[in-house]
Number of protein chains: 2
Amino acid sequence: MAPTSAALPASGEREQLSLVDGLAQLSFAVHGVLESRAADLDLSVTQARLLGVLRDRLPTMNELARLLGLDKSSVTGLVDRAERRGLVARVPSTEDKRSVLVKLTDEGRDLVASAAGGFAAEVSALLEVLPASDREALAAIVSRLLVANAARRGLDLFPASGSRDQSTR
Amino acid sequence: MAPTSAALPASGEREQLSLVDGLAQLSFAVHGVLESRAADLDLSVTQARLLGVLRDRLPTMNELARLLGLDKSSVTGLVDRAERRGLVARVPSTEDKRSVLVKLTDEGRDLVASAAGGFAAEVSALLEVLPASDREALAAIVSRLLVANAARRGLDLFPASGSRDQSTR
DNA sequence: TATTGTTATACTCTATAACTATA
DNA sequence: TATAGTTATAGAGTATAACAATA
C-alpha cells in the first residue's frame, strides 16, 4: 500500500538527484511510512490526521474542517466513521447550541499515540543510514525552511504552546 | 484542498522541531503542493502519479499495478478514467494476447509536463527562503539519504538510465 | 439574514471475489 | 492449471447543493 516510487517528478535524466526531485521522493517515502503505520492500526491517513489534530485541540466541526482543509460535509462523514469506531466523541457546545465539539476518546488517544510512535520509529530507521552530522544539519535546515515559510504565510508552527486550543479563530 | 498542518506528528511540546516532526511537516507541504498543482489541471494525485509513471515506461496493466502499489482491479478503473479523458491509451500486446500495454497520449504527455513544471516551480518557491548554502547542503544530504535507502532495499533509483523501460520485471 | 451542522447525491479511489480469455 | 485483465460489489473519502436549527 505504500507508494515506493516518486512517479511524478524525477523523469530520470540526470545521474544526480535535483533538490526538487529529492524532496519529492523523500516526501513520498515519509508519506508511505505514515500510510503503512496507520494501516497497521486499521487507520487511513485521513483518520490518522483527524486523530492527530485532536490530540491537542477540542475544535468544533467547523474548525475541524478548516484545520483539515476539508468541506464541513466531508468532516461529518469522517467524524461519523471515527465515532462509530469509538475513537472520537461529539460533545454539544454549551456556548452555541448550533455547534458540536469533537474530542478524542481514551481509545482514540491510545491509538494515535501508538501510530505516532510507530511513525517516529520508522522514520528514524530511514535516517539511520546518515551520519549524525548529516542528521543534525538536516534538522537545522528543515527547521529553518518550515519556520520561514510558516512565517511568510502568517501561520503558527507551534499551536499548543502559548494559548490553549482553538488556535485558528 | 492542500493540507497545511502536519497533524499526526508534532504534538507541539518543544520550541524546536525534531527531525522526525520536521520531515513529517515538510512531507505534508510537498504533498500539498503536488495536490494543488495537479488539481489546477483537474488531476487527482493518483491520476498525476499514473501519468508520471507512464512518462518513461510502456507497462502492462499488471506492471502498472506493481509500479503504483495498487490492485490490478484498481488500475482498471484508474486507466478507464484516464482513457475516457484521452490522457492514456490501451494498446493490445502482440507478445501475449492476454496483456494490454498502457501508453501516454500526446495530450497526456503535455498535461504531465505541465504538472511537473508547476510542481517544480512551486517547490522551488518554497525553497527560496533558504540561503543557497542551505539548499546545496540539503540537496546533498537528501540525495545521500535516498540513495542509501534505495541501495539497502535493492531498488533502482534511476530506472530509465541504462536499459529502456519495463524496469520491474 | 447568516452560520452550524447534517443529509442527499455523485464521483474518485481502493480492495476482494468471481469471471473470461489466453498461456 | 496459472496468469492477465475486467466486472461486480462494497466502502472510504471528497465535494456541491439543499435543508433544519440556532444566532
Can you tell me how far the CG atom of A:L19 sits from the CG atom of B:L138, to the nearest 0.5 Å?
5.0 Å
Using atom CZ of B:R66 as one end and atom C1' of D:dT3 as the other, report the distance to the nearest whole Å.
12 Å
Quick one: the dot-bracket string of DNA chain D, using Watson-Crick and G-U wobble pairs with both distances under 3.5 Å, [ ] for crossing pairs and | for bases paired to another strand.
|||||||||||||||||||||||
Of B:V75 and A:R84, whose closest DNA chain D nucleotide lies nearer the 5' terminus?
B:V75
What is the nucleic acid contact for A:T46, judged by heavy atoms within less than 4.0 Å: base, sugar-phosphate only, or nothing?
sugar-phosphate
If you look only at distance, which donor and acceptor atoms sit under 3.5 Å apart when one is on a side chain in residues 111-132 of chain B and the other is two or more places apart or in another chain?
from   : atom 1 : to     : atom 2 : distance (Å)
B:E122 : OE1    : B:R37  : NE     : 2.3
B:E122 : OE1    : B:R37  : NH2    : 2.8
B:S124 : OG     : B:A120 : O      : 2.7

Integer-rounded Å distance: D:dT14 C1' and B:D42 CG:
14 Å
Taking N or O atoms only and anything under 3.5 Å, show me the protein contacts with nucleotides 17-20 of chain C, one pair per line.
none

Any idea which of D:dT7, C:dT14, C:dG5 is nearest the A:S99 side chain?
C:dG5
B:D96: partners by side-chain hydrogen bond (donor to acceptor under 3.5 Å, both in side chains), with sequence neighbours left out:
B:R98
Just checking, is any N or O donor in the side chain of B:S73 or B:D71 under 3.5 Å from an acceptor N or O on the other one?
yes
Atom CZ of B:R85 and atom P of C:dC13: how far apart are they, to the nearest Å?
10 Å
Taking D:dT6, D:dT14, C:dA15 as options, the one with an atom nearest any side-chain atom of B:L70 is C:dA15
Tell me every residue that passes salt bridge (Lys or Arg N to Asp or Glu O under 4.0 Å) with B:E136, counting only those two or more places apart in sequence or in another chain.
none
Can you pull every protein N or O that's under 3.5 Å from an N or O on nucleotides 20-23 of chain D?
from   : atom 1 : to    : atom 2 : distance (Å)
D:dA23 : OP1    : A:K97 : N      : 2.8

